[in-house]
Every structure is written in structure tokens, then in C-alpha cells.
Amino acid sequence: MAQKPGIPKGTRDFSPTEVAQRNYIFSTIKEVFEVFGFQPIETPSFENSSTLMGKYGEEGDRLIFKILNSGDYLKKVDEGLLTNKESIKVTSKISEKALRYDLTVPFARYVVQHQNDIVFPFKRYQMQPVWRADRPQKGRFREFYQCDADVVGSKGLWQEVEFVQLYDAVFSKLKLNGTTIKLNNRKILAGIAEIIGAKDKLIDFTVALDKLDKIGAEGVTNEMLAKGISEEAISKVQPLFSFNGTSQEKLNQLQDMLAQSEQGLQGVKELRFIVDNVEELGLQSAKLDLDVTLARGLNYYTGAIYEVSAPEGVKMGSIGGGGRYDDLTGIFGLKDVSGVGISFGLDRIYLVLEELGLFDDVALPKPKVLFINFGETEAAYCMKAVSALRVNGIKSELYPDAAKMKKQMNYANRRQIDFVVLAGESELEGNNYTLKNMQSGEQQTCTLQELIEITK
RNA sequence: GUGAUUGUAGCUCAGCUGGUUAGAGCGCCGGAUUGUGGUUCCGGAGGUCGCCGGUUCGAAACCGGUCUUUCACCCCA
């Protein structure tokens, strides 16, 4: 046998069944997006490196797949850089394109580039693969799909409310009950950092706080200390380590805690608006949870932050995330365009639905009728019937070879085809067909018209 | 990027402290059964034991490297 082929790590092939199941998720999300008034766009799978680099932090840069320049790409590179093995500088010389890392930054680029053709507020959705040079692990791949919906050109907090509803609508439709939509606000995090006098350490502070449910209060304290946040400052936020109660109660506590921070109070106000309205409107299956430890996408979120976790008991990272970014397009030269959006992690949602057995109703496209091939003359006779069935929208096919009956019947079994049509010498003579129901085993002689009616 | 972990037939896996010709189940192909499947029975094909190197009289097994799988950290969907 020749050398075994393989695929790069972190990538996957999808079988017909898997594709059907994935398409079911895609179409569900797409339907809801459109019901909410979003329109699709697509962007190239790779962008200029300059568009992507530096937008996701240092860690992000490392995880971006770079595309090697064509031609003799080393020609232009300075000898010194090569001999000193300065990888990062060399990279920027030999690679000018990169695979997209998410859909948000390319979208920002799109908005800036097409600003004159866009009607604002612009509500777009996008469902395309993204690539990250990460080490694969559970629910984490190097090629995966994101399904994003964003609104740019509006600061209205009603969008934030709508996105909570959108999440709820999609997961309800997928019958994925019990998801938790976690909500936070960057301004609150900034406010807390301000209160404890660690304004300059906002990122370190929030990244540590984010790990609360994973490493506990003690772990978080240790990490903060390690990052140079004083013990005194940490003691001020101690209440956050055991923060609970209803959303309203949490909001009231935050309001007290942040009384001295204008920004923090603004965050409380925004959250209150969202929480109040979501409570007023109600949710079908998800629950909204105010989570001050939530800190994602800090490189560009400025207001609301969302993250969706799978129902309790399913071990899976977040299956969706998003937030408000006041100045995303600013990096590409378009000021004062606020945006807010959310993302669905298709591949993780797939794993969760799979684990919970929620794919039962997803039907694999397959033929309904198989015509047994007895030879050239019979095949020609059958093909006329096949055409007629197809015109009527009945999925049907002729077995391509005049193979043994057993083999053809077995094929029908394996593919779980409902009906088999046998047309040999005697049927040709009588200008009819023998139709066999593969489940009951019953068979009957019928005309073409009857064939269509029964198998329809 | 750090630390573990995995790799034997198409698939799921056995294979003892290194010892002749590496096994099973399922699947595949053929036959019993030349126009009637799912069951049964019989037979057959298919593996340089991930790859490279080392230790040894001898390696699927031990050691090193590399790739791959899975998992955790970092970070994230």
C-alpha cells in the first residue's frame, strides 16, 4: 500500500451525515439571522497581513496562519535578519497575506472599504471558516466556522437587547435548552480597576478575574499578586469573588461599589437597561446571567460583553461570544462608527448537540427509489422511469452496473433506500414495474403512473 | 509556545518481563443461492506494527528524534 494520506492537525473531513447535521445548524442560524433583519456578506479567506496583524494582541499574532509569498521570497530579505534568525521580522518580509483569524476584523475592513455603499445602521451576518494555528484540544480546531451577526453605525442599546434574544432564538430552535448567556460590560471592569487603583493593569486584572470559576478565589488572588496588583487593592474587590443573587441585586451591589467611578456607573446603567428589557421581553430557553468575571475580546470590546455556555453538564468551552466595540473601524481610518455583534461557534455547537443526541430528526439526503439493473435493455427502460420520478421530485437512481441481484439489494439496504424497482424481461413485456417495499418486503406490479404516486 | 498522552488490517482493538510465520471481531471480495436484500454457513484478499535512527544475537515491544491523536496550561469559538 502506498503511503497513507492524512490531513493537517486540527482539521477534519466531514461525512455525508455530518454535513447534513452541520447544514441543519447553519440553516437554523441563518434563518434566525434573517428574521432579525441581518443580511449576508462574505469576505476572502485570506487578507493582507497588515489587516490582521496586531488586532488580536501578541498571542493572536502568533496564532495567525501566514501565507508564504510566491516566487523567490527570500531574495528580498536582509542577510542580517536571516543569520540572526529574527523570525518575526523575517515573517513580515516573506509573508504578506494571512488566513483570516475571525470574522469581525475582516468585517471592519469591509465596512471601511465600502462605507459609501453601505446603508447605516448596517446589519450583516457572515458564516465562514476561520483559521487559528492553535494546538487542537476538545472543541478547538485549527479550521472552524464562525457565524457572526453584527450591527454597525448605531449606539442604541436595543441592539444589545436584541442579541440576547437572538441567541435565545437560535438555541431554542435547535432545541438546545438550558444555555446560559453571560453578560458583562467592559466599563464595569474598567470601573473596578479604577476603584482599586489598578487602572493600568486592567487586562491583567480582568484576565485573572475571568478564571474565578476555574481556579477559585485563591488562585485568582495569587495570579493578581503575581501581576503586581497590591493586596490592598485585591481586598477591595473581594465581594466579587462570591458575587451572587439576582441580576437586579448584583446591579445594586455594583452601583454601590462603583459609586466613585463615572465609567463604572455608566457600565451599570447600560447593563441595567439590557437586563431590564430582556426581563420584560422574556426568553424562551436560555437564561441571562450577569457575570462580572466575564472578560473576553478585551482587545476591542468597549461596552457589552457576551459569552454563551453550553447547558450544565456538558463539558465544552463557550459556544458563542460577542460584544460592543466602539471604535473597531477606527483602526482602518473610519472614526465614530460603533458596532456590536455576536458569534456562534458552529463546531462546538455541533459537539454539544451530538453529545445531547439532538440530531435525531436530521435526515440524510438519500435516494428513495433504487432501480435494479438487469442489463442494457432493462436499464434503458428503467431510465425512462427514473427521469419521470425525478421530474416529480422523487429522489431516485438506477444501479450503474448489471451486478448480481444480491449486491444491488445489499446496496439498497446499506443506503436505507425505501423502495426498489425490478424491471426485467416480463415487466418490459407488460410495460410495467415491480415495486418492492424494502421495509415490509411486499411487492406489487404497477404502471409508471402508479409508481410515481406510491413513491411520492 | 509549555506539559502529558496516543499510533498494530478499511474500522474497533488484542499481542505477557524483547524470542520462529503478528491475531480477533466487524467490514470487504467470492461461493452455498444464474430475478429478490437484511440471517446463517464456507472460503479469500488485506499489515515494511506512524516514520527515521539507536540498543540487542534478535525489536510491534526498550531508548532518542519526528509526525499524528487526545487532554491540560496559555489563549479562545
Side-chain angles (χ1 to χ4, degrees), chain A residues 1-12 15 25 29 56-64 87 101-104 127-148 167 203 206-208 210-211 214-215 219 223 294-299 306-310 315-323 341-352 370-375 378 399 402-428 433-443:
Chain A
M1 189 178 42
Q3 190 193 352
K4 267 192 198 173
I7 54 175
K9 95 169 110 169
T11 64
R12 298 145 299 156
S15 67
I25 303 174
I29 295 174
Y56 309 101
E58 204 177 314
E59 182 75 8
D61 282 358
R62 190 169 65 76
L63 298 178
I64 292 173
S87 303
Y101 178 87
D102 72 357
L103 300 178
T104 309
M127 306 197 289
Q128 290 188 280
V130 303
W131 294 269
R132 295 183 188 178
D134 215 347
R135 263 209 213 180
Q137 56 180 281
K138 185 164 186 176
R140 175 179 295 189
F141 308 98
R142 300 213 291 184
E143 176 182 63
F144 62 99
Y145 272 78
Q146 290 193 329
C147 309
D148 278 30
Y167 267 137
I203 302 269
T206 47
V207 165
D210 188 46
K211 294 178 193 161
K214 217 170 187 176
I215 60 178
E223 181 158 337
L294 177 60
R296 290 298 156 104
L298 287 170
N299 283 295
Y306 302 102
E307 180 170 298
V308 184
S309 52
K315 257 190 88 183
M316 180 60 64
S318 59
I319 55 176
I342 57 171
S343 180
F344 290 83
L346 178 113
D347 303 82
R348 287 188 177 177
I349 293 172
Y350 179 94
L351 291 172
V352 173
L370 175 75
F371 285 74
I372 299 292
N373 187 330
F374 286 113
E378 293 87 344
Y399 194 87
K404 285 196 173 147
M405 184 71 147
K406 178 177 176 132
K407 189 165 179 169
Q408 299 193 43
M409 294 298 270
N410 246 324
Y411 173 83
N413 272 333
R414 294 290 305 276
R415 295 198 63 192
Q416 300 177 49
I417 294 172
D418 295 342
F419 297 99
V420 160
V421 172
L422 301 106
E425 229 174 293
S426 60
E427 284 85 356
L428 259 71
Y433 301 86
T434 297
L435 177 68
K436 182 182 176 85
N437 180 320
M438 289 300 277
Q439 238 164 40
S440 63
E442 285 167 16
Q443 51 189 71

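The sequence lines fix the lettering, A, B, ..., with proteins before strands; numbering per chain opens at 1. Predicted model, so just to flag it, every value in this text is computed and none were measured.
As a whole-Å value, the separation of A:Asp134 CG from B:C71 P is 13 Å. The distance between atom CG of A:Asp102 and atom C1' of B:A77, rounded to the nearest whole Å, is 10 Å. Note: NZ (A:Lys315) to C1' (B:C76) measures 16 Å, nearest angstrom. Going from atom CG of A:Leu370 over to atom P of B:G35 covers 15 Å, rounded to whole Å. As rounded to whole Å, 11 Å separates atom C1' of B:C73 from atom CD1 of A:Ile215. Distance CZ (A:Arg135) to C1' (B:U2): 7 Å, rounded to an integer number of Å. Rounding to whole angstrom units, OH of residue A:Tyr411 and C1' of B:C29 are separated by 18 Å. Between A:Phe419 atom CZ and B:G37 atom C1' there is a gap of 16 Å when expressed in whole angstrom units.
Remark: the separation of the C1' atoms in B:G10 and B:C29 is 13 Å, to the nearest Å. Rounded to whole Å, the separation between the P atoms of B:C49 and B:G3 comes to 30 Å. B:A45 and B:U33 are spaced 23 Å apart, taking the P atom of each and rounding to whole Å. Comparing B:A4 with B:U66, their P atoms sit 13 Å apart, to the nearest whole Å. B:U39 and B:G1 are spaced 49 Å apart, taking the P atom of each and rounding to whole Å. The C1' atoms of B:C75 and B:U56 are separated by 46 Å, rounded to the nearest whole Å. Here the separation of B:U21 from B:U48, taken at their C1' atoms, is 15 Å to the nearest Å. B:C13 and B:A72 are spaced 26 Å apart, taking the C1' atom of each and rounding to whole Å.
When heavy atoms are screened at a 4.0 angstrom cut-off, A:Glu307 is found touching no nucleic acid atom at all. At a threshold of 4.0 angstrom between heavy atoms, the contacts of A:Gln137 include nucleobase atoms, whether or not backbone atoms are also involved. Within the 4.0 angstrom heavy-atom criterion, only backbone atoms of the sugar-phosphate kind lie near A:Gly10; the bases stay farther away. Among the protein residues, A:Gly320 comes within range of the sugar-phosphate backbone only, with heavy atoms under 4.0 Å from sugar or phosphate atoms but none that close to a base. Residue A:Ser343 is classed as having no contact, given no heavy-atom separation below 4.0 Å to the nucleic acid. Using a 4.0 Å heavy-atom distance criterion, A:Asn410 is classed as a sugar-phosphate-only contact. Among the atoms of the strands shown, only primed sugar atoms or phosphate atoms (P, OP1, OP2) are found under 4.0 Å from some heavy atom of A:Lys404. Residue contacts shown for A:Gly441 include a base, since a base heavy atom lies under 4.0 Å away. As judged by a 4.0 angstrom heavy-atom cut-off over every strand, A:Gln416 is placed among residues making no nucleic acid contact. If you check every strand for non-hydrogen atoms under 4.0 Å, A:Leu422 touches a base.
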Task: Check against side chain to side chain contact (heavy atoms under 4.5 Å, CB included), A:Met438 and A:Met409 - done: CA-CA 9 Å; A:Met438 289 300 277; A:Met409 294 298 270; 4.0 Å; yes
- [ ] Might you work through the side chain to side chain contact (heavy atoms under 4.5 Å, CB included) test for A:Met127 and A:Ile29, ending with a clear yes or no?
- [x] CA-CA 9 Å; A:Met127 306 197 289; A:Ile29 295 174; 4.2 Å; yes
Task: side chain to side chain contact (heavy atoms under 4.5 Å, CB included) between A:Tyr145 and A:Asp347, intermediate numbers included - done: CA-CA 6 Å; A:Tyr145 272 78; A:Asp347 303 82; 3.9 Å; yes
Task: Verdict with supporting geometry, A:Asp61 and A:Ile64, side chain to side chain contact (heavy atoms under 4.5 Å, CB included) - done: CA-CA 5 Å; A:Asp61 282 358; A:Ile64 292 173; 4.1 Å; yes
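Listed nucleotides: B:G1, B:G37, B:G35. Nearest to the side chain of A:Ser426: B:G35. When distances run from any side-chain atom of A:Met409 to the nucleotides B:G37, B:C75, B:U69, the shortest one goes to B:G37. Ranking B:C71, B:G35, B:C74 by closeness to the A:Lys138 side chain, first place goes to B:C71. Minimum atom distance to the side chain of A:Glu59 is reached by B:C74, of the listed B:U69, B:G35, B:C74. Among the nucleotides B:G35, B:C29, B:A77, the one closest to the side chain of A:Lys407 is B:C29. Distance from the side chain of A:Arg132 is smallest for B:C76 among the nucleotides B:U36, B:C74, B:C76. Closest approach to the A:Glu427 side chain among B:C74, B:G35, B:G37 is made by B:G35 (side chain taken as heavy atoms from C-beta onward). Of all nucleotides listed (B:C28, B:C74, B:G38), B:C28 comes nearest to the side chain of A:Arg414. Candidate nucleotides B:C75, B:A72, B:U36 were compared by shortest atom distance to the side chain of A:Thr434, and B:U36 ranks first. Counting only heavy atoms from C-beta on, A:Met438 has its side chain closest to B:G37 among B:C71, B:G37, B:G35.
With hydrogens and angles ignored, a donor-acceptor pair under 3.5 angstrom links the side chain of A:Arg348 to the base of B:C76. Checked by distance alone, A:Gln408 brings no side-chain donor or acceptor within 3.5 Å of a matching partner on the base of B:U36. Below the 3.5 angstrom threshold, one finds no donor paired with an acceptor across the side chain of A:Lys9 and the base of B:U68.
Here A:Lys211 reaches the OP1 or OP2 of B:C75: one of its side-chain N or O atoms lies under 4.0 Å away. Dashed line: the shortest gap from a side-chain N or O of A:Lys214 to OP1 or OP2 of B:C73 is under 4.0 Å.
Between the side-chain ring of A:Phe344 and the base of B:A77, no stacking contact exists by the 5.5 Å and 30° definition.
Between the side chains of A:Thr434 and A:Gln443, no donor-acceptor pair is found at a separation under 3.5 Å.
Using N1 to N3 plus N6-O4 or O6-N4 for Watson-Crick, or N1-O2 and O6-N3 for G-U wobble, each under 3.5 Å, B:G25 pairs with B:C11. B:U17 is unpaired under the Watson-Crick or G-U wobble criterion, no partner having all donor-acceptor distances under 3.5 Å.
When the nearest nucleotides of RNA chain B are assigned to A:Gly139 and A:Pro8 by heavy-atom distance, the more 5′-ward of the two goes with A:Pro8. Residues A:Glu425 and A:Asp347 both approach RNA chain B. Their nearest nucleotides, taken by heavy-atom distance, put A:Glu425 toward the 5′ side.
Going from atom CD1 of A:Ile7 over to atom CD of A:Glu143 covers 9.0 Å, rounded to the nearest 0.5 Å.
Between A:Tyr56 and A:Tyr101, the ring planes are tilted. Angles from 30° to 60° get that label.
Of the listed residues (A:Arg140, A:Arg142, A:Gln146), just one forms a side-chain contact (heavy atoms from CB on, under 4.5 Å) with A:Phe144, and that residue is A:Gln146. In summary, of the residues considered (A:Leu422, A:Asn373, A:Val420, A:Asn413), a side-chain contact (heavy atoms from CB on, under 4.5 Å) with A:Gln408 occurs for A:Asn373 alone.
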